[in-house]
Enquirer: 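What follows is a single structure, and I will ask about it in a moment.
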Amino acid sequence: MTSVLETAQSETYPFEAYKKLSPDELRERILAVKREMGPRLLILGHHYQRDEVIELSDLQGDSYRLSALAAENEACRAIIFCGVHFMAETADILANRPEKVAQRGERIPVILPDMKAGCSMADMAEIDQVEECWQQLSQVIDISEVIPVTYVNSSAKLKAFCGRHGGTVCTSANADVALQWALSRGRRVLFFPDQHLGRNTALKMGIPLEAMPVWDPYARELGGNSREAIEKSTVILWKGHCSVHQIFRPEHVDYFRANYPGIKILVHPECMKEVVEKADVVGSTGRIIRAVEEAPPGTKWAIGTELHLVNRLKKKHPEQEIYFLAPVVCMCSTMYRIDLPHLCWAAENLAAGTPVNVIRVDDATAKDALVALERMLELKGR
Ligand code: 13P
Ligand code: SF4
């Protein structure tokens with residue numbers, strides 16, 4: 001986790017005491033802050049959050065929708081982001097873009113209730129590694145023909161890199177439009193950090209696997225590729241992945257197809273290609289929810305995404321038969337770090353005028369990252 005000026009303000013209420021409170025007490029106290037602050041406080045919740053956190057959030061969404069909500073909101077004067085670090089960084093950049101700050105006359109704090117809520121995939125591409133990759137590529141191919149595209153699951157520094165080099169950010173809701181956009185502007189794309197989202201999206205667009213070398217940032221030269229492979233490339237994929245989604249395997253799909261006739265397989269595009277190829281529906285967390293909401297009673301699903309979301313869908317849709325695609329538990333342990341004690345601690349300190357865990361992207365990084373993020377918002381999500 002880089003590029004942020006995380007403010008270390010002294011807190012009115014230390015965290016320790018919150019660990020001893022019951023869930024009911026915590027809920028009541030969070031609700032009291034919500035009543036006191038009204039629309040000035042916006043609590044955003046990603047779909048992978050625990051149920052008790054989702055219940056207390058004002059708005060929920062996938063990465064695309066949460067970015068758009070942070071960009072649009074006029075009334076709020078503080079955001080508590082129940083999600084992971086890169087999401088809070090994105091919200092800070094969008095909610096505090098210069099024209100917004102000028103309009104309202106102040107910055108608004110974006111708070112991540114637990115600083116340890118990171119994303120292991122985002123940490124798989126660091127700015128120095130990406131700069132090094134760019135430099136090496138420029139010795140082999142015409143770098144002015146390469147458009148960088150970063151998945152939103154990345155640090156603000158990587159988004160700024162894309163902004164500086166004519167690239168964009170994408171989410172799992174608009175990766176296809178982003179790749180099309182990039183390939184209409186350049187001959188090749190450098191896509192990071194998720195190789196699976198990049199590969200699945202490019203394959204769907206008809207780009208062959210041979211035109212997608214994988215760049216290993218730890219390899220000594222050319223990311224472990226031959227010069228010829230780079231010259232023939234259309235999309236250069238970064239060797240990164242999501243540790244949660246890599247659990248789903250093609251044999252899990254085979255198991256459900258064999259044992260549950262008529263079942264539909266619904267997966268997130270961070271899953272490996274062999275799983276995505278066997279699925280009926282592939283999409284962002286928002287798309288996954290819509291697919292279930294729109295299905296008739298009696299529909300059978302095996303869903304390949306984070307456990308909390310699948311369990312919530314199961315509870316909300318007893319009229320359908322919903323299974324978790326993997327036989328093992330697979331949850332996002334960093335999303336899970338946001339719990340009621342952290343949320344209550346963050347909310348009460350905010351109300352007391354001593355916000356804790358404020359994510360503040362430095363101005364230079366924010367300026368360049370905003371260029372790429374605005375392109376992403378123009379590309380829309382689905
Ligand atoms: P969405 O963009 O679908 O919300 O996914 C975010 C994420 O981190 C998935 O692992
Ligand atoms: Fe990152 Fe994977 Fe967790 Fe999403 S599910 S936040 S990609 S580690």
Side-chain angles (χ1 to χ4, degrees), residues 1 44-50 53-54 57 59-70 81-91 112 114-125 149-155 158-159 169-178 191-198 200-201 238-248 266-272 275-276 279 281-292 303-313 324-326 329-338 373 376-377 379-382:
M1 287 184 245
L44 294 177
H46 186 268
H47 293 311
Y48 289 165
Q49 292 290 303
R50 304 155 181 256
V53 169
I54 286 290
S57 59
L59 298 166
Q60 302 89 36
D62 61 15
S63 305
Y64 181 88
R65 188 168 142 76
L66 293 173
S67 305
L69 290 169
F81 208 116
C82 299
V84 287
H85 196 272
F86 71 81
M87 295 178 179
E89 277 190 335
T90 300
L112 182 66
D114 186 342
M115 282 299 191
K116 292 200 183 82
C119 164
S120 54
M121 176 205 284
D123 295 339
M124 288 179 195
V149 178
T150 188
Y151 187 23
V152 70
N153 297 38
S154 57
S155 77
L158 267 66
K159 296 180 176 89
V169 179
C170 75
T171 73
S172 54
N174 65 7
D176 48 354
V177 217
F191 189 94
F192 40 81
D194 186 19
Q195 58 173 303
H196 299 295
L197 177 66
N200 291 327
T201 311
W238 192 266
K239 197 174 176 195
H241 64 269
C242 165
S243 44
V244 176
H245 289 89
Q246 72 166 0
I247 301 287
F248 303 107
L266 175 50
V267 302
H268 196 279
E270 287 174 15
C271 293
M272 64 182 75
V275 170
V276 164
V281 186
V282 182
S284 68
T285 52
R287 173 87 182 82
I288 289 172
I289 293 169
R290 281 199 306 279
V292 175
I303 306 182
T305 196
E306 207 270 348
L307 187 64
H308 286 88
L309 174 55
V310 180
N311 283 343
R312 190 170 318 123
L313 284 170
F324 188 60
L325 183 59
V329 168
C330 106
M331 59 172 218
C332 180
S333 54
T334 48
M335 287 271 184
Y336 192 64
R337 294 198 72 98
I338 311 295
L373 280 167
M376 173 191 90
L377 290 174
L379 294 173
K380 302 273 187 309
R382 281 189 278 159

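As a basis for the values below, the full set of heavy atoms in this structure was taken, side chains included, without hydrogen atoms, waters or symmetry mates. Both ligands and their constituent atoms are indexed starting at 1 by order of listing.
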Enquirer: Between Gln60 and Ile54, which heavy-atom pair has the shortest distance, and what is it?
Expert: NE2-O, 3.5 Å
Enquirer: Distance under 4.0 Å to a non-hydrogen atom of Asn153: what atoms of ligand 1 satisfy this?
Expert: 7 (C), 8 (O)
Enquirer: Does Tyr64, backbone or side chain, put an N or O under 3.5 Å from an N or O of ligand 1?
Expert: no
Enquirer: In ligand 1, which numbered atoms sit nearer than 4.0 Å to a non-hydrogen atom of His46?
Expert: 1 (P), 4 (O), 5 (O), 6 (C)
Enquirer: Could you find the nearest protein heavy atom to atom 6 (C) of ligand 1 and give me its residue, atom name and distance?
Expert: Ser63 OG, 3.4 Å
Enquirer: What pair of heavy atoms forms the shortest contact from Met335 to His46, and how long is it?
Expert: CE-ND1, 3.5 Å
Enquirer: Please name the residue in the list His245, Gln195, His241, His196 that meets the side chain to side chain contact (heavy atoms under 4.5 Å, CB included) test with Met272.
Expert: His196
Enquirer: What residue and atom, counting heavy atoms only, is the protein's closest point to atom 8 (S) of ligand 2, and at what distance?
Expert: Ser120 OG, 3.8 Å
Enquirer: Determine, step by step, whether Ser243 and Ser120 satisfy the side chain to side chain contact (heavy atoms under 4.5 Å, CB included) criterion, reporting the C-alpha distance in whole Å, the side-chain angles of both residues, the deciding distance to 0.1 Å, and the verdict.
Expert: CA-CA 7 Å; Ser243 44; Ser120 54; 3.2 Å; yes
Enquirer: Pull out every atom of ligand 1 sitting under 4.0 Å from any heavy atom of Ser284, numbered as shown with elements.
Expert: 3 (O)
Enquirer: If we check side chain to side chain contact (heavy atoms under 4.5 Å, CB included) with Ile303, which of these qualifies: Val267, Val281, Asn311, Val292?
Expert: Val292
Enquirer: So which atom in Pro269 and which in Asn200 form the shortest heavy-atom distance, rounded to 0.1 Å?
Expert: O-ND2, 2.9 Å
Enquirer: side-chain hydrogen bond (donor to acceptor under 3.5 Å, both in side chains) with Ser284: which of Thr305, Thr171, Asp62, Asn174?
Expert: Asp62
Enquirer: Taking the side chain as everything from C-beta on, heavy atoms only, tell me whether Phe191 gets closer than 4.5 Å to Leu197.
Expert: yes
Enquirer: Provide the closest heavy-atom pair for His308 versus Met331 in the form atom of the first, atom of the second, distance.
Expert: CE1-SD, 3.6 Å
Enquirer: Just jot down the ligand 1 atoms closer than 4.0 angstrom to any heavy atom of His245, in number order.
Expert: 10 (O)
Enquirer: In terms of residue, atom name and distance, what is the protein heavy atom nearest to atom 1 (Fe) of ligand 2?
Expert: Cys119 SG, 2.4 Å
Enquirer: Indicate the atoms forming the closest heavy-atom contact of Leu266 with Ala291, along with that distance.
Expert: CD2-CB, 4.0 Å
Enquirer: What is the nearest protein non-hydrogen atom to atom 5 (O) of ligand 1, stated with its residue, atom name and distance?
Expert: His268 NE2, 3.3 Å
Enquirer: For Tyr48, counting its heavy atoms only, list the atoms of ligand 1 lying under 4.0 Å from any of them.
Expert: 7 (C), 9 (C), 10 (O)
Enquirer: What protein heavy atom is closest to atom 3 (Fe) of ligand 2, reported as residue, atom name and distance in Å?
Expert: Cys332 SG, 2.4 Å
Enquirer: What part of Glu270, side chain, backbone, both or neither, has a heavy atom within less than 4.0 angstrom of ligand 1?
Expert: side chain
Enquirer: Test of understanding: given a 4.0 Å heavy-atom threshold, classify the contact between Glu306 and ligand 2 as side chain, backbone, both, or neither.
Expert: neither
Enquirer: Write out the residue and atom name of the closest protein heavy atom to atom 7 (S) of ligand 2, then the distance separating them to 0.1 Å.
Expert: Asn153 ND2, 3.2 Å
Enquirer: Against heavy atoms of Tyr48, which atoms of ligand 2 measure under 4.0 Å?
Expert: 5 (S)
Enquirer: Looking only at distance, does Thr171 have an N or O less than 3.5 Å from an N or O of ligand 1?
Expert: no
Enquirer: May I ask whether His46 places a heavy atom under 4.0 Å from ligand 2?
Expert: no
Enquirer: Give me the atom names and distance for the closest heavy-atom approach of Pro193 to Ala125.
Expert: CB-CB, 3.8 Å
Enquirer: Check each of Ala122, Gly240, Cys242 against atom 5 (S) of ligand 2 and report the one with the nearest heavy atom.
Expert: Cys242
Enquirer: Check whether any side-chain heavy atom of Lys159 lies under 4.5 Å from a side-chain heavy atom of Phe86, and answer yes or no.
Expert: yes
Enquirer: Go through ligand 1 atom by atom and flag the ones less than 4.0 Å from a non-hydrogen atom of Ser172.
Expert: 1 (P), 2 (O), 3 (O)
